[in-house]
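The block underneath contains the structure these notes are about, expressed in structure tokens.
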Amino acid sequence: MRQKIIIAIDSFKGCLTSQEANQAAAEGVIARMPDAEVIQIPVSDGGEGWLTAFQSAMGGERVTLTVRDPLLRPITANYLIHGDMAVIEMAQASGLTLLSPEERNPLIATSYGTGQLVVDAVRRGCHHIIVGLGGSATSDCGMGMLHAIIDHFAKQTVISVHSRWDAIHELDDIRFTIATDVTNPLCGDQGAAHVFAPQKGATPEMVLRLDDRARLFAEMSARHFGYDRQDLPGAGAAGGLGYAFLQYMNATCRSGIDLLLEAVHFDELLGDATLVITGEGAADRQTLMGKLPYGILQHAKTRQIPVCLIAGRIADQAALLQAGFAQVSCINPASLPLSEAMKPEIAQKNISATVCSALHRYPSSG
């Protein structure tokens with residue numbers, strides 16, 4: 001029986017895109033099994049590569065426009081339109097990679113540019129907007145995004161200063177879906193500020209200020225609407241941008257990888273597959289908290305198809321194996337310096353070699 005191997009590897013951030021990692025793995029498969037059928041699926045859980053993965057899955061047209069980055073500087077960003085649906089990758093306008101390490105400051109970084117993407121999609125007639133929440137530079141609870149929407153619709157209608165927030169109701173007929181692997185609430189020890197803001201440049205003092213600001217915003221919003229969604233899973237995603245969508249847009253929160261796997265009809269592809277290869281830049285216990293490789297594992301488990309996990313760095317290998325991965329392999333030799341491991345050509349070579357070696361336990365034909 002000819003082997004059918006599905007490759008769906010997340011981007012190795014700062015090193016390889018999902019497509020590049022997939023291609024390197026495919027070369028490793030063919031080196032070991034020249035006759036194998038190899039299916040490559042570009043994937044993302046809502047962060048980097050979200051647009052590319054969705055466009056690969058279902059087609060659509062990319063829209064390019066000028067928006068504001070996290071520091072309100074003009075930049076060019078893209079989103080995808082397919083029929084009356086828009087797919088937005090918030091990191092295009094409000095991502096951490098848009099800032100140098102010296103510029104990172106979540107006290108001032110804004111999600112305004114993401115709001116501009118939403119406005120443009122609505123203006124073009126989209127009635128379902130899917131927003132991937134990942135890789136954000138912000139911790140503004142989505143206030144920047146809301147202001148961008150208000151600024152636009154307040155110009156289109158006669159709205160008093162005291163009722164500017166009512167401009168949000170212009171979107172009542174739009175269905176929003178947020179895609180994230182984060183289930184954190186908005187506030188508290190497990191909230192957006194405490195868990196995620198330090199990696200965006202926040203000091204311990206800034207974390208406390210950000211958390212207080214988020215709590216105050218949620219209290220004010222709850223009084224206005226009569227309900228409070230700050231504790232819903234996903235509210236803490238993207239620095240609280242998830243909360244703004246849940247509270248102000250009545251958004252539905254979905255796992256990013258589940259949304260994407262539905263779009264590519266992944267379960268159907270698994271029908272006669274013999275092996276799945278997935279991976280990410282770093283794999284550890286957090287992988288088991290809903291990250292992309294774990295989502296792929298859950299789908300493959302239903303068909304009893306083995307899943308190999310590769311990563312640039314591995315921790316908690318025993319826990320990963322216990323969760324159900326058939327193999328867990330680090331692509332980098334222990335002696336390889338990080339500066340070398342992060343070079344794309346080195347990473348591609350190591351992925352190919354690791355996959356080729358890992359396949360020795362699987363027969364090339366049956």
Side-chain angles (χ1 to χ4, degrees), residues 1-12 16-60 80 82 87 132 179 255-281 283 287 291-311 324-329 331 344 347-366:
M1 182 181 67
R2 186 185 184 197
Q3 296 278 4
K4 176 182 174 181
I5 298 177
I6 297 174
I7 302 175
I9 302 173
D10 201 356
S11 62
F12 281 38
L16 298 176
T17 66
S18 174
Q19 298 98 308
E20 290 168 341
N22 283 351
Q23 180 58 35
E27 292 170 4
V29 171
I30 297 304
R32 172 66 182 171
M33 301 177 176
D35 297 327
E37 176 187 3
V38 180
I39 297 176
Q40 300 181 45
I41 303 175
V43 288
S44 168
D45 54 14
E48 180 183 356
W50 178 246
L51 285 190
T52 300
F54 250 93
Q55 188 169 26
S56 175
M58 66 181 190
L80 186 69
H82 181 75
V87 180
S255 158
I257 185 57
D258 283 346
L259 275 172
L260 181 61
L261 294 182
E262 287 176 12
V264 301
H265 306 289
F266 187 71
D267 289 338
E268 296 175 22
L269 292 174
L270 285 173
D272 56 349
T274 52
L275 180 68
V276 175
I277 299 173
T278 188
E280 59 185 341
T287 299
K291 294 181 71 175
L292 189 146
Y294 187 69
I296 287 174
L297 174 66
Q298 298 315 299
H299 283 258
K301 268 185 171 182
T302 64
R303 303 295 184 96
Q304 297 182 317
I305 299 169
V307 179
C308 292
L309 173 65
I310 64 171
F325 289 106
Q327 286 179 268
V328 177
S329 302
I331 67 167
Q348 289 169 316
K349 179 182 176 181
N350 287 344
I351 287 174
S352 296
T354 300
V355 168
C356 183
S357 176
L359 293 180
H360 77 277
R361 63 189 285 185
Y362 300 97
S364 58
S365 61

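Throughout, numbering of the chain's residues begins at 1 and tracks the sequence.
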With E37 via salt bridge (Lys or Arg N to Asp or Glu O under 4.0 Å) - residues at least two apart: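 Counting only residues at least two positions away or on another chain, E37 forms no salt bridge (Lys or Arg N to Asp or Glu O under 4.0 Å).
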Looking at K4, I want to see if its NZ is surrounded by more than 12 non-hydrogen atoms of other residues, nucleotides or ligands under 6.0 Å.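 Atom NZ in K4 is packed in, count exceeds 12.
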Residues in side-chain contact (heavy atoms from CB on, under 4.5 Å) contact with [X], at least two apart in sequence or another chain:
{"X": "K301", "result": "L297, Q298"}
{"X": "D258", "result": "R254, S255, H299"}
{"X": "T17", "result": "Q19, E20"}
{"X": "T354", "result": "I310, S329, I331"}

For [X] and [Y], indicate whether the former's side chain and the latter's backbone hold a donor-acceptor pair under 3.5 Å.
{"X": "S56", "Y": "P42", "answer": "no"}
{"X": "R2", "Y": "D35", "answer": "yes"}
{"X": "Q55", "Y": "G60", "answer": "yes"}

Could you list the residues that satisfy side-chain hydrogen bond (donor to acceptor under 3.5 Å, both in side chains) with T52, not counting sequence neighbours?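 Once residues adjacent in sequence are excluded, the partners of T52 under the side-chain hydrogen bond (donor to acceptor under 3.5 Å, both in side chains) criterion are R62.
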Between atom [atom1] of [X] and atom [atom2] of [Y], what is the distance when rounded to the nearest 0.5 Å?
{"X": "L16", "Y": "D10", "atom1": "CG", "atom2": "CG", "value": "11.5 Å"}
{"X": "Q327", "Y": "S357", "atom1": "CD", "atom2": "OG", "value": "8.5 Å"}
{"X": "I6", "Y": "L269", "atom1": "CD1", "atom2": "CG", "value": "5.0 Å"}

Among pairs that include at least one residue of residues 34-58, which meet ring pair (Phe, Tyr, Trp, His ring centres under 6.0 Å), considering only residues two or more places apart or in two chains? W50-F54
Acceptor/donor pairs from residues 22-30 side chains to any protein atom, 3.5 angstrom cut, sequence neighbours excluded:
unit_1, atom_1, unit_2, atom_2, d
N22, OD1, I9, N, 2.9
N22, ND2, I41, O, 3.0
Q23, OE1, Q40, NE2, 3.1
Q23, NE2, E27, OE2, 3.3

